[in-house]
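FYI, the numbering just counts along the sequence from 1. Every number for a ligand or one of its atoms is a count from 1 in the order of the listing.
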Amino acid sequence: MFLEPYQTLLKALGPSHWWPGDTSFEIMVGAILTQNTSWKNVEKAIHSLKHSKALRPKTMHLMEHSRLAELIRSAGYFNQKARWLHNLLDWYSNYGYSPARILKRHNADPQPIRTELLAIKGVGPETADSILCYALNLPVFVVDAYTHRWLERFDPAASRASGGYYKLLQNMVESDFRSRLKRASEKQITGHFNEFHALLVRLGNHYCKKTNPLCNQCPLKNDCASAPA
Ligand code: SF4
């Protein structure tokens with residue numbers, strides 16, 4: 001159900017090389033900052049953090065709230081997001097700011113890490129899963145508004161089956177991939193989840209737009225229930 005559109009998109013659009021970010025920490029910061037704003041605004045905030053040499057976990061953790069808020073102003077909700085970054089860093093410091101230690105302590109099992117992340121104020125399911133998949137390279141599929149919009153149009157029955165619930169849709173995608181890619185290693189599965197989410201974001205930005213989708217140019221038009229005949 002999900003594997004075919006994934007393969008079609010990958011063939012048509014090519015690999016996405018996600019997530020944009022030089023380090024695991026930069027990806028974590030991006031996952032917090034991207035909430036309720038465009039990626040362009042996040043890029044400005046990341047640039048400002050880099051320029052001030054603040055994109056380092058310990059430096060940012062010790063930074064005054066007001067200074068951090070100022071540096072990330074372009075990402076919007078900057079006071080709230082500065083608090084959320086400090087909340088995330090409180091958790092991250094328990095592991096010496098080391099992704100390897102997180103993985104070691106939890107045996108690379110995404111579930112207990114997800115539970116810890118979701119207990120942090122400012123981290124919802126999409127942010128937690130973005131950190132798991134893109135910062136920690138764990139096999140987790142990230143669901144977002146683009147995913148829901150695409151599925152509503154591409155396969156309304158599957159969309160209804162998910163009921164619009166985050167976890168249900170995530171399970172549908174993950175179990176479809178796992179049941180059909182039985183020989184794939186965990187590393188390969190992680191790569192597929194990473195890529196499928198990235199491709200759906202690209203699809204949503206360039207073809208399956210909120211208004212006036214460009215169905216005639218869309219790589220999925222031959223299989224989409226909503227494409228004009
Ligand atoms: S054919 Fe149209 S509605 Fe279907 S996925 Fe593509 S852009 Fe979206």
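Aromatic ring orientation, His197 versus Phe141: perpendicular (interplanar angle above 60°, classes split at 30° and 60°). Using the six-membered ring where Trp is involved, Tyr92 and Phe25 have ring planes that are parallel, under 30° apart on the 30 and 60° scheme.
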All N/O donor-acceptor pairs, side-chain side in residues 114-121, below 3.5 Å, sequence neighbours left out:
{"from": "Arg114", "atom 1": "NE", "to": "Asp129", "atom 2": "OD1", "distance (Å)": "2.7"}
{"from": "Arg114", "atom 1": "NH2", "to": "Asp129", "atom 2": "OD2", "distance (Å)": "3.0"}
{"from": "Thr115", "atom 1": "OG1", "to": "Gln111", "atom 2": "O", "distance (Å)": "3.0"}
{"from": "Glu116", "atom 1": "OE1", "to": "Trp91", "atom 2": "NE1", "distance (Å)": "2.7"}
{"from": "Glu116", "atom 1": "OE1", "to": "Tyr95", "atom 2": "OH", "distance (Å)": "2.6"}
{"from": "Glu116", "atom 1": "OE2", "to": "Tyr95", "atom 2": "OH", "distance (Å)": "3.1"}
{"from": "Glu116", "atom 1": "OE2", "to": "His106", "atom 2": "NE2", "distance (Å)": "3.4"}

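Here the closest non-hydrogen pair linking Glu174 and Pro139 is OE2-O, 4.2 Å.
At a cut-off of 3.5 Å, with distance as the only test, a side-chain donor of His61 or Tyr97 sits close to an acceptor on the other residue.
Within a 6.0 Å radius of CZ in Arg149, more than 12 heavy atoms belonging to other residues, nucleotides or ligands are found.
Within a radius of less than 2.8 Å around atom 6 (Fe) of ligand 1, the protein N, O or S atoms are Cys218 SG.
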